[in-house]
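Below is one structure, written out as structure tokens, with a few remarks after it.
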Amino acid sequence: MKFIDLRSDTVTKPTPEMREVMFEAEVGDDVYGEDPSVNELQRYAAELLGKEAALFVSSGVMGNQICLNVLTEPGDEIICEKDAHIFNYESGSPAVLSGVQLFPVAGKRGVITPQLVEEAIRPAGAYYMPRTKVIAVENTHNRAGGAVFPIDVIKDLKELADKYSLFFHMDGARIWNASVATGIPVKEYASYFDTISCCLSKALGAPVGSIIAGSRDLIKKAFRIRKAWGGGMRQSGILAAAGLYALKNNIGRLSEDHEKAKILAGCLASLPSVEFNPDDVETNIIIFKPQRLNVEEAIKKCMEKGLLISMGKKDSIRIITHLDASFDEIETAVKILKEVFS
Ligand code: TLP
């Protein structure tokens, strides 16, 4: 059976065009800084994000964790939203790799307000407490169903960060989706942050890799940490070429994935046995709660009919649209969802 795989936008495979540029990529030893394709990706990404420098890293987790490491010292604390990827899905690595802890704040649809964050900031001079050092936000927010973090709140949080001399980090794994959904350039989003981590391997269709960007000084530190953590990748230009292709060709088309998500949302909204608000679908992620079936049963029934979907938070299901699922396949997915959840 050929499956329609909507578990994540990470499941995409490089297209023939992408493979062609990978095949043709000029490479060198990137640990010496001599891989022309990696250097070009980093130059292009820094320009796109309006930052002094950028670094190609192996994954979104590595990107976030290197950023948090260069912004902190052991004993520091990072304020984030309670459903943040850095808090839930990065294997406890802030503690393991950087000796820092997270202060998760309960936001609404992934959004933490300056009021909530200010309450979480530790008082200056309280030597017996962790030191608040970073505010971190996620845009779009994965567990909140691809919700876009509002730019006005970002601006207010930046003011708060400045007031308390805190760093500001964005997990922008899917910043491209936020930008396409709002029309706000990624450069503008990035301008409020000291560091930003953005994925090439989800939504944009590259097989591997993320980009982190920031000041020249921070990225120089990040280069050292990437090496220390075993992320010096030698002739990684083969991968960087795919990433560069993805940045140049696959951002604009994300509106199609958002359209596909709206089609699925329309279907789910019409079904009696799911709890779901279609207005929550802003980009390519859909989260809903099955009511008649439990999550495992529902996932299994969909799989038996050829549709792969995944668990969101423990009582919910997550569906993600992406460039490898065509509109025709989305129509088939609609039929399957109707059969399973009617
Ligand atoms: N998210 C994955 C899973 O880990 C949940 C997915 O399928 O969505 N930040 C955000 C917001 C992410 O959604 C992810 C991946 C990452 C960081 C980490 O990226 P990778 O998997 O490349 O390390």
Side-chain angles (χ1 to χ4, degrees), residues 48-52 60 63-64 67-68 70-72 76-88 90 94 100-126 129-199 211-215 218 258 277 279-283 285:
L48 184 68
L49 293 162
K51 293 291 186 198
E52 281 177 3
N64 278 330
C67 290
L68 298 183
V70 299
L71 299 176
T72 58
D76 286 346
E77 190 166 64
I78 295 154
I79 299 172
C80 66
E81 204 273 328
K82 74 166 183 0
D83 280 329
H85 198 277
I86 56 169
F87 181 55
N88 293 285
E90 303 198 0
V100 297
Q101 68 184 39
L102 300 179
F103 188 146
V105 170
K108 206 168 166 209
R109 300 204 70 236
V111 177
I112 43 176
T113 59
Q115 291 78 359
L116 284 172
V117 172
E118 194 160 18
E119 279 171 28
I121 296 172
R122 308 287 184 174
M129 284 182 159
R131 290 171 302 245
T132 308
K133 192 62 77 65
V134 182
I135 302 170
V137 300
E138 188 173 312
N139 194 14
T140 64
H141 197 289
N142 183 345
R143 269 191 163 199
V148 174
F149 205 104
I151 192 90
D152 290 344
V153 185
I154 289 178
K155 286 180 191 167
D156 293 345
L157 285 172
K158 168 67 179 153
E159 260 180 43
L160 186 74
D162 287 346
K163 180 174 159 194
Y164 288 91
S165 301
L166 304 176
F167 291 117
F168 200 19
H169 170 71
M170 173 156 66
D171 176 352
R174 297 186 179 83
I175 190 60
W176 329 109
N177 296 85
S179 172
V180 165
T182 59
I184 298 170
V186 285
K187 202 178 258 194
E188 183 175 345
Y189 278 119
S191 68
Y192 298 103
F193 295 89
D194 297 286
T195 50
I196 166 168
S197 171
C198 326
C199 290
I211 282 289
I212 57 177
S215 68
L218 282 173
H258 300 175
N277 179 0
D279 296 338
D280 288 346
V281 177
E282 297 176 57
T283 55
I285 305 182

Check step by step if side-chain contact (heavy atoms from CB on, under 4.5 Å) holds for E188 and I151.
CA-CA 9 Å; E188 183 175 345; I151 192 90; 4.2 Å; yes
Determine, stepwise, if the pair E81 / R109 fulfils salt bridge (Lys or Arg N to Asp or Glu O under 4.0 Å).
CA-CA 9 Å; E81 204 273 328; R109 300 204 70 236; over 6 Å; no
Answer yes or no: is there a side-chain heavy-atom contact under 4.5 Å between I79 and V134?
no
Under 3.5 Å, is there a donor-acceptor pair between the side chain of D76 and the main chain of V100?
no
Decide yes or no for I112 and V137: does some side-chain heavy atom of the first lie under 4.5 Å from some side-chain heavy atom of the second?
yes
Walk me through it: do N64 and H85 pass the test side chain to side chain donor-acceptor pair (under 3.5 Å)?
CA-CA 9 Å; N64 278 330; H85 198 277; 4.9 Å; no
CA sep, side-chain torsions, deciding dist, call: E118, L160, side-chain contact (heavy atoms from CB on, under 4.5 Å)
CA-CA 8 Å; E118 194 160 18; L160 186 74; 3.7 Å; yes
Within the distance-only criterion (no hydrogens, no angle test), does the side chain of T182 pair as donor or acceptor with the backbone N or O of A178 below 3.5 angstrom?
yes
Has W176 got a side-chain atom pairing as donor or acceptor with C199's backbone, closer than 3.5 angstrom?
yes
Take H258 and T283, measure what side chain to side chain donor-acceptor pair (under 3.5 Å) needs, and give me the verdict at the end.
CA-CA 5 Å; H258 300 175; T283 55; 4.9 Å; no
A side-chain contact here means heavy atoms from C-beta on lying under 4.5 Å apart; do F168 and L166 qualify?
no
When you compare the side chain of S179 with that of I184, does any pair of heavy atoms fall below 4.5 Å?
no
More than 12 heavy atoms of other residues, nucleotides or ligands under 6.0 Å from NZ of K155: yes or no?
yes
Is there a donor-acceptor pair closer than 3.5 Å between any side-chain N or O of N139 and the backbone N or O of F149?
yes
Chi angles and distances behind the side-chain contact (heavy atoms from CB on, under 4.5 Å) call for I175, M170
CA-CA 9 Å; I175 190 60; M170 173 156 66; 3.6 Å; yes
When you measure from the side chain of N88 to the backbone N and O of A84, does any donor-acceptor pair fall under 3.5 Å?
yes
Test your reading of the model: is there a side-chain donor-acceptor pair from K51 to the backbone of F193, 3.5 Å cut-off?
yes
Full working for salt bridge (Lys or Arg N to Asp or Glu O under 4.0 Å) between E77 and R122
CA-CA 9 Å; E77 190 166 64; R122 308 287 184 174; 2.6 Å; yes
Under a 4.5 Å cut-off applied to non-hydrogen side-chain atoms, are L71 and L218 in contact?
yes
Quick check: do K82 and V105 have side-chain heavy atoms less than 4.5 Å from each other?
no
Nearest heavy atoms of E138 and R143, plus distance in Å:
OE2-N, 4.4 Å
Is there a donor-acceptor pair under 3.5 Å between the side chain of S197 and the backbone N or O of I212?
no
Evaluate the side-chain contact (heavy atoms from CB on, under 4.5 Å) criterion for residues L49 and K187: first the C-alpha distance (whole Å), next the side-chain angles of each, then the deciding distance (0.1 Å), finally the verdict.
CA-CA 4 Å; L49 293 162; K187 202 178 258 194; over 6 Å; no
